Each structure stands twice: as C-alpha cells, then as structure tokens.
Amino acid sequence: MQDLGDGVDARPYGMPSGHEAHVVRRDVPWLTADPVSSVNFTPLHELDGIITPNGLCFERHHAGVAEVDPARHRLMINGLVDTPLVFTMEDIKRFPRENRLYFLECAANSGMEWRGAQLNGCQFTHGMVHCVMYTGVPLRHLLNEAGVRTNARWIMPEGADASAMTRSIPLKKAMDDCLVAFAMNGEALRPEQGYPLRIVVPGWEGNMWVKWLRRIEVGDAPWHHREETSKYTDLMENGKARRFTWEMDVKSVITNPSPQAPITHGKGHTVLTGLAWSGRGTVERVDVSLDGGRNWRPARIDGGSHPMALHRFYHEFDWDGSPLLLQSRAVDSDGHVQPTKKALRAVRGENSIYHNNGIQTWHVRAGGEVENVEVS
Amino acid sequence: MSRFPDIRTPPRAKTRGLGGRRAFSRLVLSASGILALLAGPAHAEGYGLGRAALPEEVAAWDIDIRPDGAGLPPGSGTAVEGEELYTDNCAYCHGDFGEGIDRWPVLAGGQGTLTGERPVKTVGSYWPYLSTVWDYVHRAMPFGAAQTLEDDEVYAITAYLLYMNDVVEDDFELSRESFPQVAMPNAGGFFEDTRPDTPTLTQAEPCMRDCKPGPVEIVMRARVLDVTPEEE
C-alpha cells in the first residue's frame, strides 16, 4: 500500500469496512403485512464471540421505531406505590448503575420451523437473538424510591411508541434482576432498541423487554394484555394454551458452517462454531454431532460463561470431504437439556409458535454447501 | 411522536436537595411516611430522586384496562353504532367481516379451529378477556392513528367485534355496566406454564455414543419449500 489513507477527521463515527457490506440484518417480506410491524434478523453466521454489534441486533417493533427526545422523555411509576413518581433521564442516571451481559431472544425465534425445516440460514431460523452489555439502573431502586405497597404483586412496563406496548411482569422478577437500561455495549441504546430507555428482563422472552419505556404501573394482578393473551401464549395440541411462559429455554445453533456460510476450502482442517444460551442460567456444556445425532463429542466454550448471556462454542476437526449432518446440543446450569424437535413436537404439537428450542440439523454436502434439514 | 400530554417540568425547589420530595409527599400521603421521617433521615430508603407525579398526569397516562374492568372509563356504544365506525376505521386492513385483507390480522371467526392444523386465533376464538379488546383497540388501533378514538367509539367498535364473532346480538350496548355480562368463548382456554416438559439431567445424562440405531436419514429439506429470501 503506497497511497495515503483517510485522516482522523474522516470517520467521526467509524463504520465497518466496505468489504463487510453484506453483513446486515435481513427481513422476510412475506412474513408480515407491513415492515412497520415486523421483524428482521441478526446475521449470526457473520459474527463471532458473544457480543452482538449494536447495529446488527435484530429488530422487532409493533408500530415502527419511535423517535424520542431524551430531554423530554419521562418515566412514570404509578399504581400501588406510596408516591407515584416521575423521573427525567437525568434523574435515572443519578441512581447506582450495573453493567450486565444478557441475551435477548424473541419467543418466536425458530417459530417458523415448528412444522418442519423452512428457511435456509441460521440468520432466519435463529437470528431473533442478540447479546449486548447493558448499562442501567436496577429496577428495584426505582420501585423502592416510589415505595411499593405490601399488596403489590405485578408490574406493567409501557412503551412510548405508537403501539404503547405493555406486558405484565411479576414483582419478584422486577425486584430481583430487571434493569432500566440506557446503554448497550457502552453507548446509548440505539433507537430501534428503545432509545433512550428500555427495561431489561434477563432470560425472559424479548417481548417483555419494553422499549422506549415511559411508564411502569405496579398492581396486585396481571393485566392480561394483548401481548400475553392473543400473542405469546403457546397453543397445545388439545386446543388449550400455556400462558406466562416467560423463561427462554436452553438452546444452541451451529452458525458456521450453515446454509449462508458453506465450507469453501474443501477438505482439511476446519472450524465449526456456534452459539448457546439459556434463560435459566449459564450453559454448562455443548455437544456437537457430525452424524445427525448418533454420536456426540463435547465442544469447547470460549469467551466467557455469563448467566443468561450467549456462549460461544467451537469444535475443530479434519473434514474428509464426505457429507455431514451437523447438530449441537446444549445443557444449562439448571439441568435442562436441549431437546430434539421430535421430542418437542411430541409434547407440544406444531401450533405453539413460541419457544422452539429444538436441536437444529444442517446437512453439509460433499461440495461444502449446507442446507437446513430434518433427520430420522 | 407521543400522543400523550407532556408532563410538566418539575417545580425546581421541591425536587432537588435533601429529601424535599420524599419528606413532603410522605407527610401528606402516608402515616408510615411520617414514621419514617421521624425515625431517621429521609434518605434511609431512597435517593431523593424524581418528583411526585401529579394526579392529573397519572390520569392522563394511565390508560390500561384489567380483566375485572378496572380502568374502564364511563361511556357506551352498541354493535350497530360500531359497524359504521369499523367500516370507516378498520375494514381497509381487517376486512369488512374481520377476515383480514392480505396479511393484516384476522379479527373474526376461527371458532373450533384451535385443535386443527391451521388454528385461526381471533377475539372470538381465542381471546380470554374482553378487557383486552377494549384496551388494545383503544391503545394501539387504528394502526397509524392510535389513541384517536373517543371512549364511546371504542365501546361501540368493541361491541361490533363481539357481534362479528357471534358473542353478542347487534342491539347489544357495551358499557362499564354491561361489561361483566359478556362471556368470552375461550375464557377457559389457558393454563399456567407447565415446563419442563422436555428432558432434564435428573431424568438422564444425554447420550454420547450410538444414540440412534442405524445411519441417520434426511426426512425433510428446507430447499424444497424454497422460501428463503435471496441475498441481494
């Protein structure tokens, strides 16, 4: 390289190399009526480590990205409290803060795969998950400030977007580990992740992590709002539906190789890698299979093991060029074992939409191409 | 962006400084507050941050409705009145009969489909609580013009949604008073989380060797369905 490059004044906010322009969130247009109430997917196959870059965290909005001016934004706490309070963003930043690494997974992640293999790419089958470091105030500080009444049992966060998103959360969880976060990966939340304020509900389904948080009501009973009745309830085969299925179960997926990331180097030494997570604690171990779940070997977890955060696993091996059926299986610190899709369907049928944590199979062909399959 | 009235900026003098807000509000609002105040520093439990919300601010922001009807405002509307409102405000997405145009949500029908291969979940076939319909239509619909309907209009449209789902007759008038009379068809259709329903370590260690009898066969391929968006 002989030419001089850009000076330090050329990129006040640095962006990825132009060669990485394909590393973007993608959506599936036929899924929903309107991109304003829709979802896009994290390109898991292009990422490594356990932190998702802010600009690649998948988005799910019910009424588009709200544009909120932090100077005018307020958080109200009302309901069963001694003193209903109003906080400015400045007030919130005067409480003691915590930094915590957490994954956020949409309960509908892999939902399109309940009836069988559908989408060719882990971005689409598993990309409704991301993991960042949040900076925020433990919600209990804010609730204690207002003085929670003794008959309080539930809270209901509400968003400032046009859907005025609401969910009921047990007070116990709110007092235990929920955060009111204003930063992700060290910088202010991105608008599409709730700027300037969102609630963080570790390990629990992403819909509960209300963005653009403007109000928290304290009550003695759940509200049973639309997102916890019509949606985010899990219909079983007998026509009855489970509700309040908050925890995200132990899950893993091989991100490379995968349909969007085939093996291009031919036979020889190769690196298999993937992600594992559990809403019930840490991932204790991940096993991988190259033969469709007949034989398993332990994978190597690297990059730290934090509760309710993504875990990165690797398995290095010599590929002899013959077809493979790749699977990964995670076990969490609560003793839950990631089930096969067959086991899941046996107990839940195919209509539950949410909480599909079944083992994924990728078929690697002799040429290195990879496809999404299901196996016997 | 927000359609809510702005909250007024706090009266400066009372909100900053040592326990101003807490001391004041506790004195006024609760006996335990007074005790706490007498017993020690006002900051014993808190940081003295934020300011008390005014009752009219809470009233303006607190719009949620609960299954027992708590939060429902005064007002009323009949299904017949709701039909015209629905046609003007809702039908171009949800269809004249709630059948859903293109991929917009279906709002009516679906009774008896929950055990079938393609369940149709609607206000009539699935929603367990009437309060949720009122709350959601009021809070989030019409899509793109949320919170523009009057309370009477929300009552009327909610009554019409019930009528479309054969839950009430067309002369039914919905109000705070008649609200408890409505029986939602799928009210008993839900149960609490019963997980774990899949393997745990207490049942068995995961198998490592010869876990399946013979060579594994592919039984389904995603590319047959070919629905994956193309990369540009």
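By convention in this document, chain letters (A, B, ...) are assigned in the order of the sequence lines, proteins followed by strands, and residues within each chain are numbered from 1. Quick caveat, the model's predicted, so the values are computed rather than measured.
- Ring geometry for B:Y129 against A:H224 counts as tilted: the plane angle lies between 30° and 60°, on a 0 to 90° scale.
- Using a 4.5 Å cut-off between heavy atoms, A:I92 does not touch chain B at all.
- For A:N238, the part sitting under 4.5 Å from any heavy atom of chain B is the backbone (N, CA, C, O) and nothing else.
- Both the backbone and the side chain of B:W104 have a heavy atom closer than 4.5 Å to some heavy atom of chain A.
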Task: Verdict with reasoning, B:Y136 to A:S230, per side-chain hydrogen bond (donor to acceptor under 3.5 Å, both in side chains) - done: CA-CA 11 Å; B:Y136 185 72; A:S230 170; over 6 Å; no
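- Looking at B:T113, there are no atoms closer than 4.5 Å to chain A (heavy atoms on both sides), in backbone or side chain.
- Of the listed residues A:V337, A:N78, A:L344, A:D69, the one with more heavy-atom pairs under 4.5 angstrom with chain B than any other is A:V337.
- With a 4.5 angstrom heavy-atom cutoff, A:P298 touches chain B via backbone and side-chain atoms both.
- Remark: side-chain polar atoms of A:R348 are not paired, donor with acceptor, to backbone N or O of B:D197 under 3.5 angstrom.
- Contacts with chain B were tallied for A:A343, A:G121, A:G293, A:A346; A:G293 has the most, counting heavy-atom pairs under 4.5 Å.
- Among A:D332, A:T166, A:V331, the residue making the largest number of heavy-atom pairs under 4.5 Å with chain B is A:T166.
- The backbone N or O of A:G292 sits less than 3.5 Å from a side-chain atom of B:K212, completing a donor-acceptor pair.
- Taking each heavy atom of B:C207 and A:W296 in turn, the nearest pair found is O-CD1, 3.4 Å.
- With a threshold of 4.5 angstrom between heavy atoms, A:S168 does not approach chain B through any atom at all.
- Using a 4.5 Å cut-off between non-hydrogen atoms, the part of residues 356-363 of chain A that approaches chain B consists of A:H363.
- Residues A:H355 and B:D193 form no side-chain contact, since every pair of their non-hydrogen atoms from C-beta on lies 4.5 Å or further apart.
- For the atom pair CD of A:E237 and CG of B:L114, the computed distance is 13.0 Å after rounding to the nearest 0.5 Å.
- Only the backbone of B:P213 comes within contact range of chain A, with at least one heavy atom under 4.5 Å from a heavy atom of that chain.
- Side-chain contact between A:H225 and B:R139 is present, with at least one heavy-atom pair separated by less than 4.5 Å.
- A:N295 places a side-chain N or O within 3.5 Å of a backbone atom of B:D210 that can act as its donor or acceptor partner.
- Within the 4.5 angstrom heavy-atom criterion, only backbone atoms of B:I65 (N, CA, C, O) approach chain A.
- Heavy atoms of A:D334 lying under 4.5 Å from chain B are absent altogether.
- Atom-to-atom distance recorded for B:T202:OG1 and A:H336:NE2 is 8.5 Å, nearest 0.5 angstrom.
- Across every non-hydrogen atom of A:W30 and B:R103, the tightest pair is O-NE, 2.8 Å.
- Between A:E284 and B:L201 there is no side-chain heavy-atom pair separated by less than 4.5 Å.
- With a 4.5 Å cut-off on non-hydrogen atoms, A:W246 touches chain B through its backbone but not through its side chain.
- Between A:R285 and B:E205, at least one side-chain N (NZ, or NE/NH1/NH2) sits under 4.0 Å from a carboxylate O, which counts as a salt bridge.
- In this structure, the side chain of A:N351 engages the main chain of B:G116 through a donor-acceptor pair within 3.5 Å.
- No other option in A:A241, A:G335, A:G349 has as many heavy-atom pairs under 4.5 Å with chain B as A:A241.
- Neither the backbone nor the side chain of B:Q203 has a heavy atom closer than 4.5 Å to any heavy atom of chain A.
- Contact of A:R140 with chain B is not made at all, since no heavy-atom distance falls under 4.5 Å.
- Between A:R115 and B:P119, the closest heavy-atom pair is NH2-CD, 4.1 Å.
- Once rounded to the nearest 0.5 Å, the distance linking CD of A:E371 with CE of B:M220 reads 12.0 Å.
- Between B:E192 and A:R242, none of the side-chain N atoms (NZ, or NE/NH1/NH2) sits under 4.0 Å from a carboxylate O, so this pair counts as no salt bridge.
- Within the 3.5 Å criterion, the main-chain N or O of B:P128 finds no donor-acceptor partner in the side chain of A:T229.
- Residue A:L143: no heavy atom, backbone or side chain, is found under 4.5 Å from chain B.
- Contact of A:E247 with chain B is made through backbone and side chain together, with heavy-atom distances under 4.5 Å.
- The environment of CZ in B:F97 is sparse: at most 12 heavy-atom neighbours from other residues, nucleotides or ligands sit within 6.0 Å.
- The candidate from A:D27, A:D291, A:I77, A:D34 with the greatest count of non-hydrogen atom pairs under 4.5 Å with chain B is A:D34.
- Between the A:E145 side chain and the B:G48 main chain, a donor and an acceptor come within less than 3.5 Å of each other.
- A:A221 touches chain B through backbone and side chain together, each having a heavy atom under 4.5 Å away.
- For chain A, the nearby parts of B:F190 are the backbone and the side chain; heavy atoms of each come within less than 4.5 Å.
- Summarising the geometry, atom OH belonging to B:Y126 is positioned 2.5 Å from atom OG1 belonging to A:T233; distances are rounded to the nearest 0.5 Å.
- Heavy-atom minimum distance, B:Y47 versus A:H141: OH-CE1, 3.9 Å.
- If you measure heavy-atom distances from A:D287 to chain B, the contacts under 4.5 Å come from the side chain alone.
- Across all their heavy atoms, A:R294 and B:V216 have their closest contact at CG-CG2, 4.1 Å.
- Residue A:R94 comes nearest to B:L49 through the heavy atom pair CZ-CD2, 3.2 Å, listed as atom of the first residue, atom of the second, then distance.
- Atom OG in A:S163 sits 8.5 Å away from atom CE in B:M141 (nearest 0.5 Å).
- A distance-only check finds no donor-acceptor pair linking the side chain of B:R66 to the backbone of A:G219 [under 3.5 Å].
- Summarising the geometry, atom CE belonging to A:M156 is positioned 4.0 Å from atom CG belonging to B:D64; distances are rounded to the nearest 0.5 Å.
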